[in-house]
Enquirer: 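Pasting a structure below so you can have a look.
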Amino acid sequence: AIQVEIDGQLATHHIYSYQELEALQKGGVQRVYTGNIVTGGHEKTVTMMGKLSNGDDFSTSDSFSFDKGVKPKTLGITLDRPGSGSSGIQVGDW
């Protein structure tokens, strides 16, 4: 599952099916949030929740700052398996 907050407000959350996870592992992309955000600086918090191969639950979060200008802005979120280093969450411009 993924949850995204922008400036402390829940923007979206999604629980993935097995088929969606397979598609994402093969390079698929999913639009998580489309909305209008005011111009200026913002804080985005991304939380990834799931199960490890041994059946244990895990949850990890990371926060990212970004600036929104007048023009549209697209950010990409890349999630990696737990234990892959840092939080496993990366955010960047697309």
Enquirer: Report yes if the side chains of D62 and V46 come closer than 4.5 Å at any heavy-atom pair, otherwise no.
Expert: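 The answer is no; the side chains never approach within 4.5 Å.
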
Enquirer: Do you know the tightest heavy-atom contact between F66 and K44?
Expert: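 Taking every non-hydrogen atom into account, CE2-CB, 3.9 Å.
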
Enquirer: Side chains of residues 25-35: which donor-acceptor partners sit under 3.5 Å, not counting sequence neighbours?
Expert:
residue, atom, partner, partner atom, Å
Q30, OE1, Y16, OH, 2.8

Enquirer: For residues K71 and K68, report the shortest heavy-atom separation together with the two atoms involved.
Expert: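 What the structure gives for the nearest pair is O-NZ, 3.4 Å.
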
Enquirer: Taking all non-hydrogen atoms of both residues into account, name the closest pair between K73 and L75 and its distance.
Expert: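 So the two residues come closest at CE-CD2, 3.7 Å.
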
Enquirer: Between M49 and F58, is there a side-chain heavy-atom distance shorter than 4.5 Å?
Expert: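 F58 does not reach M49 side chain to side chain.
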
Enquirer: Compare every heavy atom of I89 with every heavy atom of T60, then report the nearest pair and how far apart it is.
Expert: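 That closest heavy-atom pairing would be O-CD1, 3.8 Å.
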
Enquirer: Surrounding NE2 of H14 (heavy atoms of other residues, nucleotides or ligands, distance under 6.0 Å), is the total greater than 12?
Expert: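 Atom NE2 in H14 is crowded, with more than 12 foreign heavy atoms closer than 6.0 Å.
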
Enquirer: In Å and rounded to the nearest 0.5 Å, what is the CG to CD1 distance from D67 to I37?
Expert: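 Atom-to-atom, D67:CG and I37:CD1 are 12.0 Å apart.
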
Enquirer: Does atom CG of N36 have more than 12 heavy-atom neighbours, drawn from other residues, nucleotides or ligands, at distances under 6.0 Å?
Expert: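 No, not enclosed.
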
Enquirer: Under the criterion side-chain contact (heavy atoms from CB on, under 4.5 Å), I'd like the reasoning laid out for T45 against F64: C-alpha separation, chi angles, the key distance, then a yes or no.
Expert: CA-CA 6 Å; T45 301; F64 306 88; over 6 Å; no

Enquirer: How close do S61 and T47 get, heavy atom to heavy atom, and via which atoms?
Expert: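 Taking S61 first and T47 second, the nearest heavy atoms are OG-OG1, 2.7 Å.
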
Enquirer: Side-chain donor-acceptor pairs under 3.5 Å in residues 1-11, sequence neighbours left out?
Expert:
residue, atom, partner, partner atom, Å
Q3, NE2, E5, OE2, 3.2
D7, OD1, E43, N, 2.9
D7, OD2, H42, ND1, 2.5

Enquirer: How far apart are the closest heavy atoms of L79 and I77, and which atoms are they?
Expert: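 Smallest interatomic distance, heavy atoms only, reads CD2-CG2, 3.8 Å.
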
